[in-house]
Every structure is written in C-alpha cells, then in structure tokens.
Amino acid sequence: MAVLTTVYKEPAPIVDRENPLESMMSRFNVAANILGLDEQTYNVLKAPDKQVIVSIPVTMDNGQVRVFEGYRVVHNTILGPSKGGIRYDTHVHLDEVKALAAWMTWKCAVVDIPYGGAKGGIICDPTTMSAGEIERLTRGYTLALKDVFGPDKDIPAPDMGTGPREMAWLMDEYSKTSGKTSPAVVTGKPLVLGGSLGRVEATGRGVMVSAIAALAKLGMKPENTTAVVQGFGNVGSWAAKLLNEKGVKIKGVSDISGAYWNEDGIDIDEAIAYKNAHKGRLEGFTGATPMDPDDLLISDVDMLVPAAVEDVITEHNAHDIKAKLIVEGANGPTSASADPIINEKGILVVPDILANSGGVTVSYFEWIQNRQGYKWSEQMVIERASRIMTEAFEKVYAVAQKHEVPMRIAAYVVAIDKVAQTYKFRGAY
Ligand SMILES: NC(=O)C1=CN([C@@H]2O[C@H](COP(=O)(O)OP(=O)(O)OC[C@H]3O[C@@H](n4cnc5c(N)ncnc54)[C@H](O)[C@@H]3O)[C@@H](O)[C@H]2O)C=CC1
Ligand SMILES: O=C(O)CCC(=O)C(=O)O
C-alpha cells in the first residue's frame, strides 16, 4: 500500500532569472502600439484563455506517493486549436508557462499555421526519476488534462525534458480514455506511432535555416562564420550539427554540466555521440576544453545560438556580447532588459518566435499526416518547412525595415496583426 506524502515541489529557485511573462508583455506592448491595437483586442490577447493547475499523485519506485504540480495554459485559440509543448523541469512556474503559451500564439501566427498557442509543464527533475516514474507522471498528467487536450482542441508536443517517449505515453493514455486511437492528439511521437519524419531535428533545422538567411542579410558566408551554441539537447545539438554541415565553425557548446571550447572547432558528431553515451550530458567531453559557462555567450564569435532556457542574455552580460548575430533557438533567452543594449550595439537578433518555429511547423505537418492517414517523405517535410521558415523570415525582415524596428518587434507586429485581423472578421467578442 502506497504511503501518501505531502505535496511535492522540487526546489524551483528563480533567482537571477527575470520574469519571462514580463519580458513577453513588454515586447507585446511595443508591437501593439506600432499597430495601434484597439483596447478591446489588447485586453483579450493579454489574458490567457485558460490556466489549469493539476496535482498529479505518482507512486515512486520506493512505494511512496509524491504529488507533482502540473500546468497547462491555453493562451488563445482564435486561429485554431491550441498547440505547444510540455516541459519537465524544476524551474517550471505559472508565469513561465503563461509566457511560453503566449509565445506559441505569436509563433504559429508568424509562420501562418492554423493554430493558437498553449504550453504545459510539470515541476519535476526527470534526470533523477526512473523511466517508470516518468511514465506514471506523464499518464497522470494526461488523465488530469483529458478534457483540455484533443486533436481539435489542444495538441501538446515535446519541450525541455520531454521527447518522443513521453509523447507516446500521452497518446496512449489519451487514446485509452477516449476509447479510440487518437494519434493527432499529440505531435513529436515516435515514427511507429504516427510521428513525422523530420520532427526530431525540425527545430534545429529551422534555427539553421533562419541563421543562414540572417547571415546573408549581413553579407556573411557560413563557411567564414564562427558560433557558440548554448544548450545541447534536442534544439541545440541539431542546430549545431546542421549549422556545422553548412560550414559554420562551432567553437563552443554548453549544457547544464558546463561549457566546452575548441578554438579549431568542435567535432559536433563526436560531441553528440559522447552526449548520447553519457545520459544526455557533455560532462567529461574530451574533444574540447572546459570553460566558464558565463563566458560562452560573451566569447569572440560571430554568432550566438542560445538553445537552452530563458533569460540568459540580460542587462548584465549584453554589453559584453561580441557576436554580430543572435539566433534564438530557446524560447525567451533574451530578457527585455537586454533589448536596448543589443539594439544599441547593432546586433541582429532572429527572435525565438521566428527562429525556433521549425518545430511547431513540422508538428503541424505531423498532425496533418495523422488526420490524412498518409505519411509524407522526409524530403517533402524538409522542403515545405524550409519554405515556410524562409518566407516568414523575409516577411519579418521586411516589416522590421518598414517600421525601422528590430526583428523581434517586427515578428510580434506580424503575429499580433494576424490575430487581431482574425478577431475582426470573426467578430468573436
Ligand atoms: N524541442 C522543441 O521542438 C522546441 C524547443 N524549444 C525551446 O528550445 C529550448 C531547448 O529545448 P530542448 O532542446 O527541447 O530541450 P532539451 O531538454 O532537449 O535540452 C535542453 C538542453 O539545455 C541544457 N541546459 C539546461 N539549462 C541550461 C543552462 N542553464 N545552461 C546551459 N545549458 C542548459 C540541458 O543540459 C540540455 O542540453 C527551450 O527553450 C525550448 O522551449 C523551442 C521550440 C521547439
Ligand atoms: O511542436 C509543437 O507543437 C510545439 C513546440 C514548442 O513547444 C515550441 O515551439 O516552443
């Protein structure tokens, strides 16, 4: 018989991190002003449609029951069913999930796919949990949110700390409760369960596509470009690999275990193989020299690819950045306090809601394939996603030129304009 213990919350220190919701709102406000957004639409878009907090009891391997806290925030559904990943991390908190959900709304609008925005998260440390514990947690979370999720309502996907394995459990649990196999309820699934070819690498590939487009605007060639990548999980490792294949020399990489530098360029395939053989961590990697992680983002390279967590570029380190280009693989890696400093320095930033939108774009393709019951070729996925990303990049770049604003603000302008126009036509309030 399992013993019930008190509500379990991993320590979630958010010290030294700015509030991502405030960062999101401050950019939203600037873009809303540029658009002359009416007060009614502003107020509707400011507030998430739905915020659900659930307690998930999980029998741990030692027989004790821990109760985890989970969230799902649906920001907006005017463009279609809400879409967004699920994060397993000790730092998950409601304001973070609210910001991530809103970013999903803007991201889907920027790449013009028919989704609203949502995000979920559970406060937990998956690195200290067994596969069985994570499975029970994922199934419990799915059950608790079975009325929120649905192929036409709210469609989750992977984010930090989750991947195809968790999406498979979610799909299975949802299918059992709804009495029919429902692959389209979640994307990022393993291929055999209806996952799409190209989804695993899609976000990193989109980062690469937008980085190459940005380098062209700067008159730089990939083969003469140096870069560092912060975060070596799904997004970071794929971005590093695909940029490297285009000729970019990746001099530094980092993950939660530390940062690693090689002046001659890191062998990315070797780093990925090392990580895969060492529980997803680079710790002890001998193909590079350990360095202070704080120095990675201010190192002497042309391009930064933050692909880990929020608020790593702040007013405290922005002055020291030497790169000419920042391509945001992560959501919210740059806090609003750093924006004026970065703009003053003339650094080109490809913002998160554009640069990392390749993931949700291929998730959209996965959802279409599940509904069609027809599998696309990898080439088709790559070509269509690259075209969408390139068109979105050019559109945002043109809006930035027109309004003489940074690409980040331009991306918000494009997104909010689309959502606001949809409200006008639907007359939804
Ligand atoms: N997986 C996806 O398809 C998408 C992910 N993103 C965003 O990309 C970012 C990374 O997500 P994933 O790669 O999926 O997560 P992941 O869980 O696969 O990898 C996260 C990586 O970041 C590292 N990390 C964590 N804290 C760090 C720190 N303080 N400094 C340096 N490295 C640190 C981890 O060690 C790991 O290497 C997140 O912001 C996520 O929201 C955005 C769009 C889609
Ligand atoms: O693939 C998806 O549906 C969403 C991925 C995600 O969470 C993100 O883009 O931040």
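Just so you know, residue 1 is the first one in the sequence shown, and it goes up from there. As a basis for the values below, the full set of heavy atoms in this structure was taken, side chains included, without hydrogen atoms, waters or symmetry mates. Counting convention: from 1, in listed order, for ligands and their atoms alike.
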Novice: Return the option from P293, P333, P126, A308 holding the heavy atom at the smallest distance from atom 39 (O) of ligand 1.
Specialist: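 Nearest option to atom 39 (O) of ligand 1, by heavy atoms: A308.
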Novice: In terms of residue, atom name and distance, what is the protein heavy atom nearest to atom 1 (O) of ligand 2?
Specialist: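 Scanning the protein heavy atoms, the shortest distance from atom 1 (O) of ligand 2 goes to S363 OG, 2.6 Å.
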Novice: Of the backbone atoms (N, CA, C, O) and the side-chain heavy atoms from C-beta on, which set of V309 has a member under 4.0 Å from an atom of ligand 1: side chain, backbone, both, or neither?
Specialist: side chain
Novice: Taking the basic N atoms (NZ, or NE/NH1/NH2) and the acidic carboxylate oxygens, is any pair closer than 4.0 Å for E383 and R387?
Specialist: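 So E383 does not pair with R387 through a salt bridge.
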Novice: Of all the atoms in ligand 2, which lie at a distance below 4.0 Å from a heavy atom belonging to N331?
Specialist: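 Those of ligand 2 that fall under 4.0 Å from N331 are 10 (O).
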Novice: Is the shortest distance from a heavy atom of G161 to ligand 1 less than 4.0 Å?
Specialist: yes
Novice: Under 4.0 Å from a heavy atom of A157: give me the atoms of ligand 2 that qualify, with their elements.
Specialist: 1 (O), 2 (C), 3 (O), 4 (C)
Novice: W106 ring centre to R27 NZ or CZ under 6.0 Å, with the angle to the axis within 45°?
Specialist: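 No, R27 does not lie over the aromatic ring of W106.
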Novice: Of the non-hydrogen atoms in S337 and E315, which two are nearest, and what is the gap between them?
Specialist: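 So the minimum-distance heavy-atom pair works out to OG-N, 3.4 Å.
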Novice: Backbone, side chain, both or neither: what part of R199 comes under 4.0 angstrom of ligand 1, heavy atoms only?
Specialist: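 Just the side chain.
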Novice: How does T203 reach ligand 1, by side chain, by backbone, by both or by neither, if only non-hydrogen atoms under 4.0 Å count?
Specialist: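 It is the side chain that touches ligand 1; the backbone stays farther off.
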Novice: Could you tell me whether E328 and R408 have a side-chain N and a carboxylate O separated by less than 4.0 Å?
Specialist: yes
Novice: Which residue and atom name correspond to the protein heavy atom nearest atom 4 (C) of ligand 2, and how close is it?
Specialist: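 The protein heavy atom lying closest is M104 CE, 3.7 Å.
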Novice: For atom 23 (C) of ligand 1, which candidate among N356, I256, V200, I353 provides the closest heavy atom?
Specialist: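 Nearest option to atom 23 (C) of ligand 1, by heavy atoms: I256.
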Novice: Are the ring centres of F68 and Y141 closer than 6.0 Å?
Specialist: no
Novice: Checking side chain to side chain donor-acceptor pair (under 3.5 Å) between Y88 and each of D125, T162, T138, which is the one that passes?
Specialist: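 Between Y88 and the candidates, side chain to side chain donor-acceptor pair (under 3.5 Å) is satisfied uniquely by T138.
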Novice: So, regarding K107 and ligand 1 (criterion: nitrogen or oxygen to nitrogen or oxygen, under 3.5 Å), is there a contact or not?
Specialist: no
Novice: Regarding ligand 1, does F232 bring an N or O atom to under 3.5 Å of one of the ligand's N or O atoms?
Specialist: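 Between F232 and ligand 1 (N or O atoms, distance only) the closest approach is under 3.5 Å.
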Novice: Does the ring of Y397 carry K217 above it, NZ/CZ under 6.0 angstrom from centre and within 45° of its axis?
Specialist: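 Because its charged atom sits under 6.0 Å from the ring centre and within 45° of the axis, K217 does stack over Y397.
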Novice: Would one find an N or O of A330, backbone or side chain, under 3.5 Å from an N or O of ligand 1?
Specialist: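 No, there is no polar N/O contact under 3.5 Å.
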Novice: May I ask you to say whether R87 pairs ionically with E96, meaning some side-chain N is under 4.0 Å from a carboxylate O?
Specialist: yes
Novice: How does E310 reach ligand 1, if at all, at less than 4.0 Å between non-hydrogen atoms: by side chain, backbone, both, or neither?
Specialist: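 Neither; no heavy atom under 4.0 Å.
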Novice: Return a yes/no value for S254: is any of its N or O atoms, backbone included, closer than 3.5 angstrom to an N or O of ligand 1?
Specialist: no
Novice: Taking only heavy atoms of R87, which atoms of ligand 1 are found under 4.0 Å from at least one of them?
Specialist: 38 (C), 39 (O), 40 (C), 41 (O)
Novice: Assess R371 against W367: is NZ or CZ under 6.0 Å from the centre of the six-membered ring, and within 45 degrees of the ring's axis?
Specialist: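 Yes, R371 sits over the ring of W367.
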Novice: Less than 4.0 angstrom from a charged side-chain N to a carboxylate O is my criterion; do K395 and D112 meet it?
Specialist: no
Novice: Would you mind checking which non-hydrogen protein atom is closest to atom 9 (O) of ligand 2, with the distance to 0.1 Å?
Specialist: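 Atom 9 (O) of ligand 2 sits closest to the protein heavy atom K107 NZ, 2.7 Å.
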Novice: Any idea which heavy atoms bring M303 and V248 closest together, and the distance?
Specialist: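 Minimum heavy-atom contact is CE-CG1, 4.0 Å.
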Novice: Run the numbers for me: atoms of ligand 2, each under 4.0 Å from some heavy atom of G85, listed by number.
Specialist: 4 (C), 6 (C), 7 (O)
Novice: Just go through M160, H91, K119 and tell me whose heavy atom is the nearest to atom 20 (C) of ligand 1.
Specialist: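 Heavy atom nearest to atom 20 (C) of ligand 1 belongs to M160.
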Novice: Counting non-hydrogen protein atoms only, what is the nearest one to atom 6 (C) of ligand 2? Give residue, atom name and distance.
Specialist: K119 NZ, 3.5 Å
Novice: Of all the atoms in ligand 1, which lie at a distance below 4.0 Å from a heavy atom belonging to A307?
Specialist: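 Those of ligand 1 that fall under 4.0 Å from A307 are 9 (C), 10 (C).
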Novice: Tell me yes or no: between the side chains of H91 and D89, is some donor less than 3.5 Å from an acceptor?
Specialist: yes
Novice: How far is atom 3 (O) of ligand 2 from the closest protein heavy atom, and which atom is that?
Specialist: K83 NZ, 2.7 Å
